[in-house]
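Residue numbers count from 1 along this sequence. Owing to the predicted nature of the structure, the values given are computational and were not obtained by experimental measurement.
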Amino acid sequence: MNKSINKRFWAAVRNQDWNTALSAVQEGTALMPGDINFRLAHAHLLLHRMKDLRTGLPVLRQLVCDAIERNSEHWMLATLDQLFGAAHDHSHFPSHERFALGKKLAEHILALNPPHSGGQKFRTYPAVARYYYESGNQDRAIELIEFALKSLDSPQPVPDELKQHLLPNLLQALSNYKGEEVCYGALCAAPQSNLLKARSLGGPRRKHKKD
């Protein structure tokens with residue numbers, strides 16, 4: 001049944017038939033309310049594809065409540081991305097509610113993995129930092145990205161391939177938030193107007209050694 005719903009959903013998405021996609025994802029959500037993928041697809045379709053705030057905001061509010069009730073870092077992070085993810089246009093969102101929901105999620109994520117505790121920060125802190133930066137708390141955003149960078153070198157081993165994948169984005173975010181060039185070892189980044197543009201232009205560059 002899951003495969004059948006997914007097949008209908010993705011076929012509709014490819015055709016940009018949002019009403020059919022919505023029907024499929026609503027069926028999936030009704031049958032499997034604990035499936036985060038259906039829940040996210042439901043909110044994403046309504047808010048970012050159909051721009052239907054009247055229907056979409058209650059769906060998102062419930063997703064925020066369920067993520068917090070579950071005390072699931074994964075659910076909270078995925079939901080926060082719907083509100084502050086760089087890939088989405090949030091210009092049509094009611095600003096007050098967007099930041100109020102973001103605050104709830106950010107605070108609960110930090111409570112699960114406090115800044116001065118051990119553990120990996122690089123998975124969740126960039127999204128939380130984006131919330132703080134957009135809400136006007138630049139210093140807090142910088143602090144959280146710095147914690148994320150430090151966690152790459154924590155005693156808990158991080159695979160080198162994963163580290164090399166994450167480092168450019170973390171460094172670019174730090175540069176954007178500080179408004180100045182920053183370096184980490186041989187890798188440097190200069191401020192860009194937004195993270196997506198920065199990545200398309202090549203992102204961070206290698207620091208050249210002087211002769």
Side-chain angles (χ1 to χ4, degrees), residues 1-114 119-135 144 162 165-166 169 194-196 199:
M1 187 177 295
N2 194 336
K3 289 181 180 179
S4 173
I5 295 171
N6 270 305
K7 185 176 180 180
R8 283 191 287 118
F9 170 73
W10 286 112
V13 168
R14 284 192 293 271
N15 292 323
Q16 297 189 19
D17 181 354
W18 306 130
N19 287 323
T20 300
L22 181 62
S23 176
V25 84
Q26 284 174 330
E27 182 182 346
T29 299
L31 290 169
M32 292 163 278
D35 188 318
I36 183 61
N37 295 312
F38 280 125
R39 299 287 299 278
L40 289 172
H42 191 192
H44 180 80
L45 265 175
L46 290 168
L47 295 170
H48 300 296
R49 295 295 189 185
M50 304 174 77
K51 310 289 185 182
D52 183 355
L53 293 178
R54 185 180 65 83
T55 308
L57 283 176
V59 169
L60 185 62
R61 292 186 201 112
Q62 187 61 54
L63 186 53
V64 170
C65 290
D66 290 350
I68 291 171
E69 185 177 337
R70 285 172 174 267
N71 205 31
S72 166
E73 189 177 72
H74 174 58
W75 276 56
M76 286 189 275
L77 184 65
T79 306
L80 187 62
D81 183 69
Q82 294 296 312
L83 290 158
F84 291 92
H88 304 312
D89 175 16
H90 301 99
S91 59
H92 60 295
F93 274 50
S95 180
H96 174 75
E97 180 157 25
R98 179 176 171 238
F99 284 100
L101 293 173
K103 184 175 187 290
K104 286 182 181 181
L105 291 167
E107 289 178 348
H108 276 82
I109 290 171
L110 292 179
L112 279 176
N113 189 1
Q120 298 175 335
K121 316 296 185 188
F122 53 81
R123 297 187 186 278
T124 55
Y125 275 30
V128 178
R130 190 181 301 118
Y131 154 74
Y132 279 106
Y133 183 75
E134 288 198 34
S135 65
L144 292 173
L162 176 61
H165 172 72
L166 295 169
N169 288 326
N194 61 64
L195 283 135
L196 289 180
R199 298 304 298 137

Seminar exercise, completed: Across all chains, not counting sequence neighbours, the salt bridge (Lys or Arg N to Asp or Glu O under 4.0 Å) partners of Lys51 are none
Exercise. Taking only residues two or more places apart in sequence or in another chain, which ones pass ring pair (Phe, Tyr, Trp, His ring centres under 6.0 Å) with His108?
Worked result: none
Quick one: side chains of residues 19-26, donor-acceptor pairs under 3.5 Å with protein atoms, not counting sequence neighbours, listed by atom name and distance.
from: Thr20; atom 1: OG1; to: Asp17; atom 2: OD1; distance (Å): 3.2
from: Thr20; atom 1: OG1; to: Asp17; atom 2: OD2; distance (Å): 2.6

Problem set entry | Minimal non-hydrogen separation, Pro114 against Tyr125, with atom names | C-OH, 3.2 Å
Problem set entry | Residues forming a side chain to side chain donor-acceptor pair (under 3.5 Å) with Glu107, sequence neighbours excluded | Lys103
For this session: Locate the shortest heavy-atom distance separating His92 from Leu53; write the atom from each residue and the value.
Result: O-CD1, 2.9 Å
Problem set entry | Contacts of type ring pair (Phe, Tyr, Trp, His ring centres under 6.0 Å), residue His42, not counting sequence neighbours | none
For this session: Measure across Gln82 and His48 and return the closest heavy-atom pair with its distance rounded to 0.1 Å.
Result: O-NE2, 3.1 Å
Exercise. How close do Tyr132 and Ala106 get, heavy atom to heavy atom, and via which atoms?
Worked result: CE1-CB, 4.2 Å
Problem set entry | Test ring pair (Phe, Tyr, Trp, His ring centres under 6.0 Å) applied to Tyr131 - qualifying residues, sequence neighbours left out | Phe84
Seminar exercise, completed: Residues passing the side chain to side chain donor-acceptor pair (under 3.5 Å) test with Asp52, sequence neighbours excluded, are Thr55
For this session: Return the set of residues passing ring pair (Phe, Tyr, Trp, His ring centres under 6.0 Å) with Tyr133 (not counting sequence neighbours), or none when no residue passes.
Result: Tyr177
Seminar exercise, completed: Sorted by chain and number, sequence neighbours left out, side-chain contact (heavy atoms from CB on, under 4.5 Å) with His74 holds for Ile36, Ser72
For this session: Using side-chain contact (heavy atoms from CB on, under 4.5 Å) as the criterion, list what pairs up with Gln120, not counting sequence neighbours.
Result: Phe122, Arg123, Gln156, Val158
Problem set entry | Qualifying residues under side chain to side chain donor-acceptor pair (under 3.5 Å), relative to Asp89, sequence neighbours excluded | Ser91
For this session: Keeping the roles fixed (side chain from Asn15, backbone from Ala11), state whether a donor-acceptor pair exists under 3.5 Å.
Result: yes
Exercise. Could you go step by step and tell me if Leu101 and Phe93 meet the side-chain contact (heavy atoms from CB on, under 4.5 Å) rule?
Worked result: CA-CA 12 Å; Leu101 293 173; Phe93 274 50; over 6 Å; no
Listed pairs under 3.5 Å, donor-acceptor, residues 56-67 side chains, sequence neighbours left out:
from: Arg61; atom 1: NE; to: Glu97; atom 2: OE2; distance (Å): 2.3
from: Arg61; atom 1: NH2; to: Glu97; atom 2: OE1; distance (Å): 3.2
from: Arg61; atom 1: NH2; to: Glu97; atom 2: OE2; distance (Å): 3.3
from: Gln62; atom 1: NE2; to: Asp66; atom 2: OD1; distance (Å): 2.8
from: Asp66; atom 1: OD2; to: Arg39; atom 2: NH1; distance (Å): 3.2
from: Asp66; atom 1: OD2; to: Arg39; atom 2: NH2; distance (Å): 2.6

